[in-house]
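The structure displayed is predicted, hence computed values, not measured ones. Letters go in sequence order (proteins before strands), and every chain restarts at 1.
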Amino acid sequence: MDGRIDKGSPLAPVAVTGMGCMSGGGTDVNSLWQNLAQTVINCHPVPEYLFKTILDYPVFAAPANCFSESARLLVAETAPGFKQESVSRTVLLTCSAAAEALQQAGVSADYLRSVRVGIVLGTTVGCTFHNEEYYSAWRSGLEPDLGPVQFYLAGNVASAMHRILGTSGPSAVITNACASGTDAIGVARNWLASGQCDIAIAGGADELSRVAYNGFVSLMLGDKNPCRPFNADRKGLNLGEGAGVVVLERQDESATRQCRPLGWVRGYGSAADAWHPTAPHPEGRGLKAALRQALRDCGDVKLVPALINAHGTGTKANDRAETAALAAIFPKTAELVVVSTKGITGHTLGAAGGIEAIFTLMALRAGQTPGTVGCLEPDPELSLLPVIQTENRQLHGSWGISQSLAFGGGNSALILEAAP
Amino acid sequence: MNVPVIVSAIEQLPRDYVVPDELVRDLRRADAFIQMAVVSAFAAVSRLPADKLQPEEVGVFIGTAFGPLETNFESLGSLIDDGEGHISPTLFSHSVYNAAAGYVARLLDIRGPAMTITNYGWPFLIAMEEARLAVASGRIGRAVVIGVETYSALLADAYRRFFQVETVPWERSAVAWVLEPAGAAKGFCRLQGINIKEFEVEPADLLTRRGETLTGCGAVSELARHPMAYVSALSEAVMSFDKLPQLSNCWSIKASFGLAEINLDR
Amino acid sequence: MQELKEQIKEMVVRDLKLQGIEPSEIDDNAPLFEEGLGLDSLDAVELVVLVQKHFDVQIEDMDEGQAAFKSINTLAEFITASRSK
């Protein structure tokens, strides 16, 4: 990028060396990308293997068996005797995504055990206790078997991953609602840069739950048809489930291993709207602050990203606030390449930031992006024109942004660079 | 940039705390988890002298083991009682774990990072280290770090049955610390860094916190068996830091589930 | 109608946890949102669920909701009209 004023980020460069995904949008990174490129929309009524419901809001469900073959192989080595039923679906989704990412990074189980591994994962549903049977029985004065309580206590997804991988090092579960996955990658980047760990497994994971499903319906944020982010007649979001995980490593003289970067985390910013419990600030106040922070962090406040993977849930308020913030931050708004990939994954809550960081790097590496699935007639009232479904846009540059907005007014943004 | 970071204010929310008048209206929908987080943060920040910080230069970092679990169960109850499609949207949105951070940000006009960390071990310390890094790197000029637990009746009952005891040593509590760059403010002590290692344990150990100890100034003290004990003990230590003998600046917390080292300095 | 309005007012104060106001103090014509009672978008979706729960009347979307939630009077009229359908 010519003309860049590189003030030099104060932090050591952190490379992305592996990416993995298990979701309704694709059962690995390749199928996720192919489904986007070919507009394969896996949006269906809630399958019975998840939960029974009388509501007709479709979802993007991962397969009933979401524990991949590579996860099985990895776990057989790191945790012999591991039983799938001993952990939540959220943990299984994470295992699958992590196994794929570690494999791509070329990181062996032995190596992982020899270094300090930071595990930072975002989740929303994954940290709650939603065993309805136990709750109902307890509430009616019975003394149900304590299994579900033990399951809940063993279910912290980051600690569970340390346990399953046999690794040690810092861990954190980020519960920043729908921005959790993006923040988790940002936190892992900070940990690597400040020397808290040698390698990090970061991203997000969330299984579909009946409570969250009903919650979004009650909030009147759901669409009974496949979602249409940025579209003029958009009605709301579809929930999805999945995990998106990246392997991050320091890439300087302090690195413990020669790695092959797929790209780099160049900047991270996070900021609160300080506005409303569920609605975004109408002008995207917090998102603007998060973007400014990320731009300062990457050392180039004038950066024009080649691609922006927007949160783009398909709700009226989100899409309006988000595009308003982007238009305010980037003066050459007409040049911006903005897409939402929710039309392929649904809104995977805590996993969204992880999955979308992967989408961002995949597109930057390919030098092109498919358009926004579900957006055929963009809303003229939005502050910018996103790439529509029927378009395939060439990208000019290797730096992009993946951003998330959350309930509670949280906003976060990652600046990612693809390796040549 | 690596700015020294100090602890400039600490608020341990009293048991009989009162919600300040100016917050009552805004907290009408808030559960105890949110209310205690907000009131403790509000009190901690009120202890500071007037400043010229912009809202974007302040962040909030919350660490919790059990989060708004009671509201989580209330929304589950609402789903069961009211039926599908009729779960209370207020309950559901307030059961999301970052609801408290959102409230703190809104009511204290904090527009920097708002982060919630949920871990059974030492979530307050994880949040603290993230906050310290944010201040040390110059990204923000002040961090409000909150530890808060409100537990739940279901979990307390499980505790009684697990361990065949009559009383559960849990009491709702909240603590808020403020971190700032050393040059800009006066404080109790410097916070140099926090290192945490986790070990694999039986889930029940996370409930009992059997044998959790705080070591500092040459003394080892056993902590009460609840997930805010280390927060209170550390808060007490830091608040009387200048009166303590200067034996070692490294404080450590040990438990069956891990080891945490907190490096402080004058 | 008067009885219905009183029920609505009680529901609003109790279930939306309004502070410092009695049901009887609410003006039938005063706006419920913003400058009126100070309700917001989260109260609006809560009202949809509450109206369904207490009056067995379904509000399909927020366009319908916005018209119904202008005041106690409009909400009472909406409920009465929906029940007689």
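- The greatest number of non-hydrogen atom pairs below 4.5 Å with chain B, out of Gln196(A), Met220(A), His162(A), Arg116(A), is found for Gln196(A).
- Residue Glu129(B) holds its CD atom at 9.0 Å from CH2 of Trp191(A), rounded to the nearest 0.5 Å.
- Less than 6.0 angstrom separates the ring centroid of Tyr120(B) from the ring centroid of Tyr152(A).
- Rounding to the nearest 0.5 angstrom, the gap separating the OG atom in Ser168(A) from the CG atom in Leu259(B) is 11.5 Å.
- In this structure, chain B has no heavy atom under 4.5 Å from any part of Asp56(A).
- Closest approach of Glu132(A) to Ile80(B), counting heavy atoms only: OE1-CG1, 4.3 Å.
- With a 4.5 Å cut-off on non-hydrogen atoms, Ala290(A) does not touch chain B at all.
- Each of Tyr134(A), Phe216(A), Phe151(A) has some count of heavy-atom pairs under 4.5 Å with chain B, and the biggest count is that of Tyr134(A).
- With a threshold of 4.5 angstrom between heavy atoms, Val187(A) approaches chain B through its backbone and through its side chain.
- With a threshold of 4.5 angstrom between heavy atoms, Ala153(B) approaches chain A through its backbone and through its side chain.
- Considering every non-hydrogen atom in both Glu84(B) and Leu55(A), the closest pair reads OE1-N, 3.9 Å.
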Test side-chain contact (heavy atoms from CB on, under 4.5 Å) on Leu153(A) and Phe66(B) and set out the steps. CA-CA 10 Å; Leu153(A) 290 168; Phe66(B) 300 117; 4.1 Å; yes
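- Ranked by heavy-atom pairs shorter than 4.5 Å toward chain A, the options Ile62(B), Leu155(B), Asn72(B), Ile126(B) are led by Asn72(B).
- Applying a 4.5 Å heavy-atom cutoff, the residues of residues 195-203 of chain B that approach chain A are Asn195(B), Ile196(B), Glu198(B), Glu200(B), Pro203(B).
- A salt bridge links Arg139(A) and Asp81(B); the closest N-O separation between the charged side-chain nitrogens and carboxylate oxygens is under 4.0 Å.
- The shortest heavy-atom contact between Ser75(B) and Val211(A) is OG-CG1, 4.4 Å.
- Without hydrogens or angle criteria, Ser218(A) side chain to Ile87(B) main chain gives a donor-acceptor distance under 3.5 Å.
- Listed options Leu206(B), Leu91(B), Asp157(B) were ranked by heavy-atom pairs under 4.5 angstrom with chain A; first place goes to Asp157(B).
- Within a 6.0 Å radius of CD in Glu133(A), no more than 12 heavy atoms belonging to other residues, nucleotides or ligands are found.
- Proximity to chain B involves both the backbone and the side chain of Thr53(A), based on heavy atoms less than 4.5 angstrom apart.
- Nearest heavy-atom pair, Arg106(B) versus Trp275(A), reported as atom, atom and distance to 0.1 Å: CD-O, 2.8 Å.
- If you take NE2 on His276(A) and OG on Ser93(B), they are separated by 8.5 Å, rounding to the nearest 0.5 Å.
- Atom-to-atom distance recorded for Met115(B):CE and Asn176(A):CG is 5.5 Å, nearest 0.5 angstrom.
- When the shell of 6.0 Å around CZ of Arg210(B) is examined, it contains 12 or fewer heavy atoms from other residues, nucleotides or ligands.
- Most heavy-atom pairs under 4.5 Å with chain A: of the set Ala204(B), Ala101(B), Gly77(B), this distinction falls to Gly77(B).
- Heavy-atom distances place both the backbone and the side chain of Ile117(B) under 4.5 Å from chain A.
- Contacts of Phe162(B) with chain A are made by both backbone and side-chain atoms, with heavy-atom separations under 4.5 Å.
- Residue Leu154(B) touches chain A through both its backbone and its side chain, counting heavy-atom pairs closer than 4.5 Å.
- Looking at Ala158(B), the atoms closer than 4.5 Å to chain A (heavy atoms on both sides) sit in the backbone and in the side chain alike.
- Neither the backbone nor the side chain of Lys288(A) comes within contact range of chain B; no heavy atoms are under 4.5 Å apart.
- Contacts of Gln293(A) with chain B are made by side-chain atoms alone, with heavy-atom separations under 4.5 Å and no backbone atom involved.
- Only the side chain of Phe92(B) comes within contact range of chain A, judged by heavy atoms closer than 4.5 Å.
- Listed for the Asn119(B) side chain is a donor-acceptor partner under 3.5 Å among the backbone atoms of Val173(A).
- Within residues 405-412 of chain A, the residues having any heavy atom less than 4.5 Å from a heavy atom of chain B are, in residue-number order, Ala406(A), Phe407(A), Gly408(A).
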Q | Full working for side-chain contact (heavy atoms from CB on, under 4.5 Å) between Asn190(A) and Arg139(B) | A | CA-CA 12 Å; Asn190(A) 292 347; Arg139(B) 270 183 285 147; 3.2 Å; yes
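- Between the side chain of Tyr97(B) and the main chain of Cys127(A), a donor-acceptor pair closer than 3.5 Å is present.
- Closest of all the heavy-atom pairs between Glu56(B) and Ala289(A) is CG-CB, 4.0 Å.
- Checked by atom type, the side-chain pair Thr175(A)/Thr118(B) shows a donor-acceptor distance below 3.5 Å.
- Across Gly85(B) and Asn214(A), no two heavy atoms sit closer than the pair N-OD1, 2.6 Å.
- Around atom CZ of Arg25(B), no more than 12 heavy atoms belonging to other residues, nucleotides or ligands sit under 6.0 Å away.
- Judged by distance alone, with hydrogens and angles left aside, the side-chain atoms of Arg161(B) form a donor-acceptor pair with the main-chain N or O of Pro144(A) at under 3.5 Å.
- Here Phe129(A) contributes atom CZ and Phe73(B) contributes atom CZ; the two are 5.0 Å apart, rounded to the nearest 0.5 Å.
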Inset, instruction - Before giving the answer on side-chain contact (heavy atoms from CB on, under 4.5 Å), spell out for Thr116(B) and Ile174(A) the whole-Å C-alpha distance, their side-chain angles and the decisive distance to 0.1 Å. - result: CA-CA 6 Å; Thr116(B) 303; Ile174(A) 310 288; over 6 Å; no
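- When the candidates Ala154(A), Ala158(A), Ser159(A), Gly286(A) are compared by the number of heavy-atom contacts under 4.5 Å with chain B, Ser159(A) comes out ahead.
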